[in-house]
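For reference, the structure discussed in these notes is given below.
Numbers restart at 1 for each chain; the letters A, B, ... are given by sequence-line order, proteins then strands. Below, all heavy atoms of this structure are taken into account, side chains as well, without hydrogens, waters or symmetry copies.
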There are 2 protein chains.
Amino acid sequence: MAPRGETKERILAKALESFSTVGYDGTSLDDLAESLGIRKQTILYHFVSKRGLLNAVLDESVKILTESLEEVLASNDPHRDRIEDLVRSVFRVALEQPLLLGLLREVSRPGSPAAPRLKNQMGPLMERAISWMEGEMEAGRMRKTDAQLVLLSAYSTVVGLATEIEILRTAGVERVLRPSAQRRQELLHFLRTSLTPAE
Amino acid sequence: MAPRGETKERILAKALESFSTVGYDGTSLDDLAESLGIRKQTILYHFVSKRGLLNAVLDESVKILTESLEEVLASNDPHRDRIEDLVRSVFRVALEQPLLLGLLREVSRPGSPAAPRLKNQMGPLMERAISWMEGEMEAGRMRKTDAQLVLLSAYSTVVGLATEIEILRTAGVERVLRPSAQRRQELLHFLRTSLTPAE
DNA sequence: ACCAAGACTTACCAAATGGTAGAAAAATAG
DNA sequence: CTATTTTTCTACCATTTGGTAAGTCTTGGT
């Protein structure tokens, strides 16, 4: 029927949607298959198990996020504000694909079956960001604080934003751009005040 | 056996724990009963259905939260900073009973079966807070912004904090007091800058 | 002592769940 | 066209799930 890996990607997309809204346990393979006009066993064929499907969806999502961050981290332009670029980059993803951060929210919950995997996936990126921040602190361009804490705080704010977007959308609110812009300002402000060296 | 409503409250406590960690769908009545040394039908006897149990847990949690907020909103002492009191109050709850906000996070997810109920429960409190803020705006003591948005933003920050506490605890991190204090400062700062009238 | 109401249990069930085994179809290679 | 591999489907299955029916046991009132 479908000659290329089209089916696999369709499954991934719908799975992301389902996982990030009704959650992992709330997602039934039968329902998922039915909504795709496909038999459940087709899903199992491509992803072996439900957990395998979750892992695949998670890997893909983390990859997209990672790429969008790596891109910014890699640039060495001293004229650009690296932090602002990072924040803008993440917010762009959050606006374009809120489901993606919805999945993160779902998966980062304590007790989630994929929590350890997420930790492994995000580990390298986190460490890289942390070591970069610590370098900046050493050089005196950044106030000395707990880098991991700042990261964690920023992370939860962004995920919170994404969740808000979801909620607002389901509540029928159309204008989500202004709130998100305001939220971004808030995050930027927090990062600035907590990162710039004390005068 | 247990003459007073002791069993009922034990069920509520364990249910709150389970719902706020593994989620509604991830909670099995059988497991819940077993962890209480009780038969599943005892739970059904007290709460009719699983949904009924969720509603009961939610009602109790919202009640606790509401009381702790009403207490602050009711006071009319002009010498006290109302906003700071509110923030402190919520953070105290978040620290003492993180599971409570964990439940909120679980339930406020789009697609949650109890989302509309939560909306109804929190509705009056929200409206009260909003009308108070709008009154302050009229009087010029507060910058004119979207009150609902500010509330939503603060809410998600607090819930984010509670989740962090949970995550940090499961990750074995012991010192959660310092991070939360820092987070509270951040929230306060945000509220101040976004609420004080423009100079 | 008796009875009614409350509290908790055993017995059971229909539906849904994730998963296995293997056939049928479709695509691809020779 | 045929052989092979990839993809999808039909047929089942064991377990778990929330829930019903009806019993037992306890407690308190009269």
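- A straight line from CG of A/Asp25 to C1' of C/dT17 spans 11 Å, rounded to a whole angstrom.
- In this structure, A/Thr7 does not reach the D/dT7 phosphate: none of its side-chain N or O atoms is under 4.0 Å from OP1 or OP2.
- Counting all heavy atoms, side chain and backbone alike, B/Ser131 lies closest to B/Arg128 at OG-O, 3.0 Å.
- Between the CG atom of A/Asp31 and the C1' atom of C/dG18 there is a distance of 13 Å, rounded to whole Å.
- The separation between B/Ile43 atom CD1 and D/dT17 atom P is 12 Å, rounded to whole Å.
- In this structure, B/Phe47 places its CZ atom 14 Å from C1' of C/dC8, rounding to the nearest Å.
- Between B/Ser35 atom OG and B/Arg10 atom CZ the span is 8.5 Å, to the nearest 0.5 Å.
- Atom P of nucleotide C/dG19 and atom NE2 of A/His46 are separated by 16 Å, given to the nearest angstrom.
- Contact check, B/Thr42 against C/dT9: a side-chain N or O comes under 4.0 Å of OP1 or OP2.
- For the pair A/Lys40 and B/Lys50, nearest-nucleotide mapping onto DNA chain D gives the more 5' position to A/Lys40.
- In this entry the distance linking CZ of B/Arg10 with C1' of C/dA7 reads 14 Å, nearest Å.
- D/dT10 atom P lies 13 Å from atom CG of A/Asp30, rounded to whole Å.
- Between B/Leu53 and the choices B/Leu32, B/Val48, B/Leu44, the side chain to side chain contact (heavy atoms under 4.5 Å, CB included) rule is met once, by B/Leu32.
- Salt bridge annotation for A/Glu84-A/Arg88: present, with a cationic side-chain nitrogen under 4.0 angstrom from a carboxylate oxygen.
- Across the protein-nucleic acid pair, A/Leu36 atom CG and D/dC9 atom C1' stand 15 Å apart, rounded to whole Å.
- Side-chain nitrogen and oxygen atoms of A/Ser49 include none within less than 4.0 Å of the OP1 or OP2 phosphate oxygen of C/dG18.
- Side-chain nitrogen and oxygen atoms of A/Tyr45 include none within less than 4.0 Å of the OP1 or OP2 phosphate oxygen of D/dT8.
- In this structure, the nucleotide among D/dA21, C/dT20, D/dG18 sitting nearest to the side chain of B/Gln41 is D/dA21.
- Counting any heavy atom pair closer than 4.0 Å across all strands shown, B/Ser28 reaches sugar-phosphate atoms only and no base atom.
- How far CG of B/Asn55 is from OG of B/Ser49: 7.5 Å, rounded to the nearest 0.5 Å.
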